[in-house]
Asker: 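The following block contains the structure, expressed as structure tokens.
We're numbering straight along the sequence, starting at 1. What you see is a predicted model, and the numbers here were worked out from it, not measured in a lab.
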Amino acid sequence: MMQSTQWTADRINVFLQAFFGTGNDAWPNMDPDYPYKGRTEPFVRVLQDGVDAPVVLPRWDSASQQYAMYAIVRDQADVAKTAELIEAFAGPTYIDCDMERGLRPARLSSDDPIEQAILDFAGERVTFRLTTGQHSHHRQGLTDALLLMQKTSASRPPRLWRVVKPVGRLIAEFDAALAAGGDAASLDLLEQLAAAGGLTATNLAHLKLKRLDRLGVSSKVLDFSSLQDIVHQDPPVPVKRAILNAVYTVALEDTLAARNLEAAKQQLIAHGRVVPQLLSSNPRPYGPQATTVLLLASVILNNASAARRVLTVIEELDQAYQISPLVLNEAAQLASEPVPDTEAPEGTDPAHAPEPATTATPIGSWPALFTSLAEGQVAAKQVIEDQDWSLWPSPAESDALLAQFLDSLNDGAAGELWRAVGSFLDAVGYDEPAPMCAHAFIRNAVLFNRYSPGDLAVLQALMDIALRAAPSAATYSEILSDIGAECSRWIAPERASAALDFVDRLFLAACPDRDARENLCLTLLGPLAAHQSRLSESELAFARRLTQELGIDGFDWATPAAQGDQEDTLAALPPSTLLLYSLDEAVLGRCQEELKQIAPTVKVTTAYDHVGTPQLRQKARSADVVVLATRCAKHAATGFITQHAGDVPIAYADGSGSASLLRAAVDGLRATASEA
């Protein structure tokens with residue numbers, strides 16, 4: 001990243017000449033006699049004068065009638081702040097962007113001379129490419145808004161300090177966003193971590209691999225750059241599991257389903273180059289897919305010792321029914337061979353046994369993990385990173401104890417406990433509610449003002465867990481009061497899907513206090529109704545449906561046709577087949593019903609399988625668009641879907657509710673239709 005202190009007058013002049021060269025008619029070659037230079041010159045002066053404000057420069061192509069504004073951040077640490085500034089001054093009124101997913105720096109093209117000039121001058125991932133609709137008043141509005149943004153930024157007093165989130169907190173938020181199904185939020189946090197520094201390239205790669213595994217894109221895991229080096233450096237357990245899962249999906253799933261062991265071996269040899277380096281690792285936390293890979297690799301390599309070790313774990317964890325019998329039988333035959341003397345473990349002679357190391361008591365339960373985290377123990381953070389908790393009993397078994405502990409902490413210790421919220425969501429899933437602990441985490445979120453896009457996905461998942469347990473009227477009212485305590489801090493049309501997800505969950509859950517439910521729904525829907533012209537067609541339709549289902553009066557939702565400058569209606573989409581996947585069957589059903597109403601030409605199929613099945617394979621292969629909700633999803637299903645969907649576009653919900661899934665479905669359908 002080129003810092004602004006290196007933006008000398010000479011470099012700025014060279015950059016401006018290139019930026020306003022061929023391909024940019026906003027101020028051709030910065031001709032002093034150009035009649036319309038007055039529109040561009042104020043932006044140029046900001047850069048030339050070194051004013052403390054984001055650099056903004058226009059681009060206009062008269063031939064194609066394409067217009068864009070490039071906002072260049074002077075310091076990479078200011079990327080998030082600049083995005084907030086742009087949203088505040090221009091927002092969705094003028095910018096053609098999915099504001100709920102948030103503004104992000106663009107990936108500029110080195111094949112475009114104008115964008116290459118920016119790359120040479122400022123570096124990568126520090127420039128926002130802002131476009132508008134085709135209406136000229138939108139272009140003028142964007143220009144005026146960004147000029148006002150610059151003037152406002154330049155007039156404020158200089159700040160000599162910057163609040164930067166610690167890397168540990170960003171990693172905790174990343175893990176939580178992944179667990180809650182926040183696809184866009186997890187990507188945004190990855191970019192923040194890359195910009196913040198403090199992580200090695202290897203550690204950043206580990207996080208990227210974890211995310212790819214969650215999304216189920218196995219081929220991208222195996223194609224990951226420097227994968228061999230990552231494996232050689234003994235990565236954390238989740239990374240090893242992600243790699244082995246990917247190998248299983250790409251190399252073994254179909255061949256073993258066809259009961260073709262020899263083909264499976266050949267595929268493993270072709271796609272499992274890194275597997276031999278993982279053969280000596282502990283298979284206990286891996287799961288049946290990854291374990292199958294290790295077992296078959298031990299057969300191919302004729303490694304009886306590894307086969308015995310893996311088979312022992314399979315027996316201890318009672319996983320045999322989840323492993324292909326073909327692989328089990330060959331591995332058992334190999335393991336039954338006599339153990340050579342050279343294989344005897346070192347130290348079997350008591351006289352030569354090493355002295356046991358003095359270590360702290362291992363963390364082996366949720367209460368122990370919470371206590372260790374509150375005390376700031378490094379071992380607790382390692383448990384979170386290695387996901388040791390995956391072999392423990394559910395936190396539901398210690399629900400009351402965990403909630404009481406969370407509520408007893410001071411602010412510092414309570415902040416540390418947020419590291420565990422992603423693990424908690426994954427461990428509880430949809431089947432084993434731990435309502436008291438979930439409610440305690442909700443109070444934690446309110447206490448620390450956790451209202452970023454990723455935090456909202458987490459908060460919605462926590463509310464879901466708390467409400468699935470059918471709380472008493474008093475507890476129900478308290479939960480809803482906590483959720484609504486700071487709604488004004490985050491609710492806006494740009495986050496309509498998040499607000500609608502909360503309302504939808506309130507409709508799906510049992511309701512022991514109608515007044516409490518109605519009060520929160522009014523709080524969540526009010527700002528959306530006030531700015532409904534900024535809602536998409538699907539959001540508007542779903543908001544109307546929710547108010548009808550909940551029997552809430554006072555909202556006069558417009559029809560899409562009455563909104564004036566509106567996108568083409570969803571009813572005009574060409575015929576296609578859409579596959580929706582989520583582990584929440586109620587959400588799938590509601591999204592399917594809504595799509596039938598607003599997009600009748602689309603055939604909607606749904607799936608909630610935990611593993612790959614012939615029926616799921618057929619649905620994936622028949623789909624024109626696939627949409628996945630990844631909260632609590634297992635790689636066994638998401639990886640299976642993405643593998644069999646082929647080149648079909650895949651979209652991801654940024655949350656686990658009906659509105660998030662619906663938004664992703666509409667975006668995916670529109671994108672596919674536009675490319676047809």
Side-chain angles (χ1 to χ4, degrees), residues 205-206 208-232 235 237-279 281 283 285-301 310 319 322-324 326-328 330-331 579 581 607 609-623 626 628 630 633-650 652:
H206 293 168
K208 291 178 180 178
L209 285 169
K210 284 173 62 177
R211 182 174 181 274
L212 292 175
D213 180 55
R214 175 72 68 160
L215 300 183
V217 282
S218 302
S219 59
K220 290 186 178 180
V221 172
L222 298 186
D223 291 339
F224 197 83
S225 61
S226 65
L227 187 65
Q228 191 82 38
D229 292 337
I230 290 170
V231 172
H232 184 68
V237 169
V239 176
K240 296 176 183 176
R241 181 168 56 230
I243 295 168
L244 292 170
N245 283 343
V247 171
Y248 179 88
T249 300
V250 172
L252 301 186
E253 192 150 41
D254 287 342
T255 51
L256 290 178
R259 299 186 61 78
N260 190 336
L261 185 60
E262 290 307 312
K265 290 179 180 179
Q266 293 304 314
Q267 286 293 304
L268 181 53
I269 292 170
H271 296 282
R273 293 189 305 274
V274 299
V275 173
Q277 296 183 67
L278 300 172
L279 200 57
S281 59
Y286 286 165
Q289 287 193 333
T291 302
T292 299
V293 174
L294 293 179
L295 206 56
L296 187 55
S298 68
V299 170
I300 294 171
L301 297 172
V310 176
Q319 290 180 340
Q322 296 175 288
I323 310 294
S324 166
L326 296 174
V327 178
L328 275 177
E330 283 231 4
L579 171 61
Y581 174 83
D609 310 63
H610 288 250
V611 297
T613 63
Q615 294 80 10
L616 186 59
R617 179 188 297 109
Q618 181 60 34
K619 289 178 180 179
R621 290 178 174 175
S622 302
V626 174
L628 306 178
T630 59
K634 306 303 180 187
H635 177 92
T638 57
F640 186 86
I641 291 171
T642 56
Q643 184 72 9
H644 290 284
D647 295 329
V648 168
I650 297 178
Y652 295 90

Asker: Could you grab the distance from atom CG of D213 to atom OG of S218, nearest 0.5 Å is fine?
Answerer: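 Output value for this atom pair is 7.5 Å.
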Asker: Given side chains that start at C-beta, do those of L215 and T638 come closer than 4.5 Å, heavy atoms only?
Answerer: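 Heavy-atom side-chain distance check fails, nothing below 4.5 Å.
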Asker: Quick one: does T255's side chain have a donor or acceptor within less than 3.5 Å of a partner on A263's backbone?
Answerer: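 Such a contact is absent between T255 side chain and A263 backbone.
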Asker: Shortest non-hydrogen contact from L294 to P283?
Answerer: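 Scanning both residues completely, I find the closest heavy atoms to be CD1-CB, 4.0 Å.
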Asker: Can you name the closest pair of heavy atoms from N260 and L326 and give their distance?
Answerer: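 Looks like N-CD1, 4.3 Å.
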Asker: Contact between E253 and Q643 at the side-chain level, heavy atoms closer than 4.5 Å - yes or no?
Answerer: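 They are not in contact (no side-chain heavy atoms under 4.5 Å apart), so the answer is no.
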Asker: Using side-chain heavy atoms (C-beta onward) and a distance below 4.5 Å, is V310 in contact with S298?
Answerer: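 No, every pair of side-chain atoms sits at 4.5 Å or beyond.
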Asker: Can you find a pair of side-chain heavy atoms, one from Y248 and one from L256, that are under 4.5 Å apart?
Answerer: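 Contact flag for Y248/L256 side chains = yes.
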Asker: Just wondering, do K240 and P285 contact through their side chains at under 4.5 Å, heavy atoms?
Answerer: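 Side chain of P285 against side chain of K240, heavy atoms only: no contact under 4.5 Å found.
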Asker: Applying side chain to side chain contact (heavy atoms under 4.5 Å, CB included) between P238 and each of K210, R214, H206, report the one that passes.
Answerer: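 Going through the options one by one, the only one that passes is K210.
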Asker: Whether the side chain of T249 engages the backbone of A246 through a donor-acceptor N/O pair (distance < 3.5 Å, no angle test) should be reported.
Answerer: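 Flag not set: sc T249 to bb A246 has no pair under 3.5 Å.
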Asker: Is there a donor-acceptor contact under 3.5 Å from the side chain of T613 to the main chain of L616?
Answerer: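 Looks like yes, one N/O pair under 3.5 Å.
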Asker: Sequence neighbours excluded, which residues qualify as salt bridge (charged side-chain N to carboxylate O under 4.0 Å, His left out) partners of R241?
Answerer: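 Partners of R241 under the salt bridge (charged side-chain N to carboxylate O under 4.0 Å, His left out) test: none.
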Asker: With sequence neighbours excluded, what pairs up with H644 under the side chain to side chain donor-acceptor pair (under 3.5 Å) test?
Answerer: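 H644: side chain to side chain donor-acceptor pair (under 3.5 Å) contacts with D254, R621.
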Asker: Within a strict 4.5 Å, meaning less than it, do heavy atoms of the V221 and N245 side chains meet?
Answerer: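 A side-chain contact is absent here, since even the closest heavy-atom pair is not under 4.5 Å.
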Asker: Test side-chain contact (heavy atoms from CB on, under 4.5 Å) on I243 and V239; report intermediate values, then the result.
Answerer: CA-CA 6 Å; I243 295 168; V239 176; 4.1 Å; yes
Asker: Give the minimum heavy-atom separation between S281 and Y286, together with the two atoms involved.
Answerer: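 Of all heavy-atom pairs spanning S281 and Y286, the closest is OG-OH, 2.8 Å.
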Asker: Between atom CZ of R211 and atom NZ of K220, what is the distance when rounded to the nearest 0.5 Å?
Answerer: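 If we round to the nearest 0.5 Å, R211:CZ and K220:NZ are 8.5 Å apart.
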Asker: Report the residues that fulfil side-chain contact (heavy atoms from CB on, under 4.5 Å) with A637, sequence neighbours left out, ordered by chain and then residue number.
Answerer: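 In terms of side-chain contact (heavy atoms from CB on, under 4.5 Å), with neighbours along the sequence ignored, A637 is linked to Y581.
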Asker: Identify the heavy atoms of G216 and H635 that sit nearest to each other, and give their distance.
Answerer: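 For G216 and H635, the tightest heavy-atom pair comes out as CA-ND1, 4.2 Å.
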Asker: So do the side chains of L222 and V247 get within less than 4.5 Å of each other, counting heavy atoms only?
Answerer: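 Result yes, sub-4.5 Å side-chain heavy-atom pair found.
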Asker: Taking side-chain contact (heavy atoms from CB on, under 4.5 Å) as the definition, give me every residue that meets it alongside Q319, ordered by chain and number, with sequence neighbours left out.
Answerer: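 Per chain and number, Q319 pairs via side-chain contact (heavy atoms from CB on, under 4.5 Å) with P288, T291, I314, L317, Q322.
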Asker: Considering all heavy atoms of both residues, which atom of A645 and which atom of V626 are nearest to each other, and what is their separation?
Answerer: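 Distance-wise, the nearest heavy atoms are CB-CG2, 4.2 Å.
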Asker: I need the minimum non-hydrogen distance between Q228 and V274, along with the two atoms involved.
Answerer: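 Q228 and V274 have their closest heavy atoms at OE1-CG1, 3.5 Å.
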Asker: Just by modelled atom types, is the G639 backbone N or O under 3.5 Å from a matching donor or acceptor in the T642 side chain?
Answerer: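 Yes, T642 side chain to G639 backbone: donor-acceptor pair under 3.5 Å.
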Asker: Under the side-chain contact (heavy atoms from CB on, under 4.5 Å) test, which residues partner K265, sequence neighbours left out?
Answerer: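 Only L261, E262, L296, V299, I300, E330 meet the side-chain contact (heavy atoms from CB on, under 4.5 Å) criterion with K265.
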Asker: What's the separation between atom CG in L244 and atom OG1 in T292, rounded to the nearest 0.5 Å?
Answerer: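 Result: 10.5 Å between the selected atoms.
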Asker: Which residues satisfy the side-chain contact (heavy atoms from CB on, under 4.5 Å) test with S226, sequence neighbours excluded?
Answerer: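 Per chain and number, S226 pairs via side-chain contact (heavy atoms from CB on, under 4.5 Å) with D229, I230.
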Asker: Starting at CD of Q266, measure out to CG of L268 and round the result to the nearest 0.5 Å.
Answerer: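 Nearest 0.5 Å value for the CD-CG distance: 9.5 Å.
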